[in-house]
Amino acid sequence: MTYDHALQQEANQRALNCPRPGDYWREMFCPYFIVVQVKGPAITVLSCLGGPNSFTRKHEPCAKIDVDGAHWAFDYGAEMTVDREWIARAVKYDSIDGFVADVSNTEKTERIVEEWRKYRAKVIKQQIQQLEQEWLEFTGWQYLKEEVSQTV
């Protein structure tokens with residue numbers, strides 16, 4: 001398969017204008033980020049651009065985990081919410097027209113989105129369970145339940 005620069009530029013522009021879950025931006029073999037959720041102007045990404053070793057994005061979480069010297073993965077807990085301007089700053093050149101990174105959206109990137117959704121659902125469920133326990137303790141229902149069960 002040959003690389004068609006014009007087609008790739010069109011795909012990049014479409015993905016910039018209308019991000020979709022599964023859009024994976026990279027430069028050659030260097031990962032930038034993957035879009036995992038879009039809700040209006042809020043776009044959730046797993047970014048490999050930030051973290052303490054970044055020159056310009058130290059304050060942003062880095063979702064890249066080095067598995068070994070040849071493999072890496074995403075940390076599903078290191079998500080962040082961005083907007084289209086953030087994406088444009090990340091993937092376009094500052095001084096000239098064009099893209100420094102290219103986008104792809106494949107079955108593999110769709111699988112990553114599904115894995116992130118399962119992870120996120122599990123985290124939310126755990127938070128609900130924790131809040132439910134706190135609510136029971138705060139309102140006294142926990143103790144009332146215990147008293148009733150002891151008298152029966």
Side-chain angles (χ1 to χ4, degrees), residues 1-139 142:
M1 182 173 202
T2 60
Y3 178 79
D4 187 327
H5 181 73
L7 283 177
Q8 184 62 60
Q9 295 303 302
E10 288 176 21
N12 292 347
Q13 192 61 53
R14 272 193 311 274
L16 182 61
N17 293 342
C18 187
R20 302 179 300 153
D23 284 353
Y24 171 64
W25 290 88
R26 84 267 180 242
E27 179 185 8
M28 301 295 279
F29 297 108
C30 198
Y32 275 41
F33 61 90
I34 185 169
V35 174
V36 291
Q37 180 174 275
V38 178
K39 287 189 175 181
I43 303 161
T44 305
V45 299
L46 301 173
S47 173
C48 299
L49 299 172
N53 299 323
S54 172
F55 292 111
T56 59
R57 299 173 184 269
K58 290 183 185 314
H59 65 287
E60 295 178 356
C62 181
K64 183 179 178 188
I65 303 170
D66 289 316
V67 176
D68 58 36
H71 301 90
W72 64 273
F74 284 109
D75 175 357
Y76 294 143
E79 68 192 43
M80 66 180 195
T81 303
V82 301
D83 56 20
R84 285 175 178 77
E85 289 77 28
W86 182 93
I87 293 175
R89 286 192 311 274
V91 301
K92 294 191 82 175
Y93 289 109
D94 287 336
S95 58
I96 61 172
D97 193 29
F99 292 88
V100 67
D102 289 326
V103 71
S104 62
N105 195 312
T106 64
E107 285 181 31
K108 183 176 182 178
T109 63
E110 294 290 332
R111 245 187 341 267
I112 291 168
V113 171
E114 285 306 310
E115 289 171 5
W116 173 82
R117 290 183 58 79
K118 287 177 186 174
Y119 169 84
R120 191 71 187 116
K122 183 179 174 183
V123 168
I124 291 169
K125 190 171 186 176
Q126 289 170 343
Q127 291 170 336
I128 290 169
Q129 290 169 341
Q130 175 65 34
L131 287 172
E132 183 176 39
Q133 183 60 38
E134 288 179 31
W135 181 81
L136 288 172
E137 291 172 9
F138 177 76
T139 60
Q142 179 68 29

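Fair warning: this is a prediction, and the values are worked out from it, not measured in the lab. Start at 1 with the first residue, then count along the sequence.
- The shortest side-chain heavy-atom distance between Ile43 and Arg84 falls under the 4.5 Å cut-off.
- Atom CG of Asn17 has more than 12 heavy atoms from other residues, nucleotides or ligands within 6.0 Å.
- The aromatic rings of Tyr119 and Tyr76 sit tilted, their planes meeting at an angle between 30° and 60°.
- Here the CZ-CD distance, from Phe99 to Glu27, works out to 13.5 Å after rounding to the nearest 0.5 Å.
- Taking 4.5 Å as the limit, every side-chain heavy atom of Ser54 sits out of range of all side-chain heavy atoms of Glu60.
- A 6.0 Å sphere centred on CG of Asp68 holds more than 12 heavy atoms belonging to other residues, nucleotides or ligands.
- The shortest non-hydrogen separation linking Pro61 to Ala78 is CG-O, 4.0 Å.
- Side-chain atoms of Lys58 come within 3.5 Å of backbone atoms of Pro52 as a donor-acceptor pair (strictly under, hydrogens ignored).
- Heavy atoms only, all atoms of each residue included: Pro21 and Val38 are closest at CD-CG2, 4.0 Å.
- Judged by distance alone, the side chains of Gln133 and Gln129 never bring a donor and an acceptor atom under 3.5 Å apart.
- How far CG of Asp23 is from OG1 of Thr109: 7.5 Å, rounded to the nearest 0.5 Å.
- More than 12 heavy-atom neighbours from other residues, nucleotides or ligands sit within 6.0 angstrom of CD on Gln126.
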Please determine whether side-chain hydrogen bond (donor to acceptor under 3.5 Å, both in side chains) holds for the pair Gln13 and Gln9, giving the CA-CA distance in whole Å, both sets of side-chain angles, and the decisive distance to 0.1 Å. CA-CA 6 Å; Gln13 192 61 53; Gln9 295 303 302; over 6 Å; no

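- Trp25 CH2 to Cys48 SG: the interatomic distance, rounded to the nearest 0.5 Å, is 15.0 Å.
- Between Ser104 and Arg26 the shortest side-chain heavy-atom distance falls below 4.5 Å.
- Under the 3.5 Å distance criterion, with hydrogens and angles disregarded, a donor-acceptor pair is assigned to the side chains of Asn12 and Gln8.
- Counting heavy atoms of neighbouring residues, nucleotides and ligands inside a 6.0 Å radius, atom CZ of Arg117 does not exceed 12 of them.
- Put simply, the side chain of Ile34 does not reach to within 4.5 Å of the side chain of Trp116, judged on heavy atoms.
- Phe33 places a side-chain heavy atom less than 4.5 Å from the side chain of Val91.
- Pairing each heavy atom of Ile87 with each of Pro19, the nearest pair is CD1-CG, 4.1 Å.
- Atom CD of Gln127 has more than 12 heavy atoms from other residues, nucleotides or ligands within 6.0 Å.
- Between atom NZ of residue Lys125 and atom NZ of residue Lys122 there is a gap of 11.0 Å, rounded to the nearest 0.5 Å.
- Minimum interatomic distance between Thr81 and Thr44 (heavy atoms only, all atoms of both residues): OG1-OG1, 4.0 Å.
- Remark: Arg89 engages Glu85, Trp86 in a side chain to side chain contact (heavy atoms under 4.5 Å, CB included) (not counting sequence neighbours).
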Under the side chain to side chain contact (heavy atoms under 4.5 Å, CB included) criterion, do Glu79 and Arg120 qualify, and how do the steps go? CA-CA 10 Å; Glu79 68 192 43; Arg120 191 71 187 116; 3.3 Å; yes

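- Partner of Tyr32 under the side chain to side chain contact (heavy atoms under 4.5 Å, CB included) criterion, chosen from Leu49, Val103, Asp102: Leu49.
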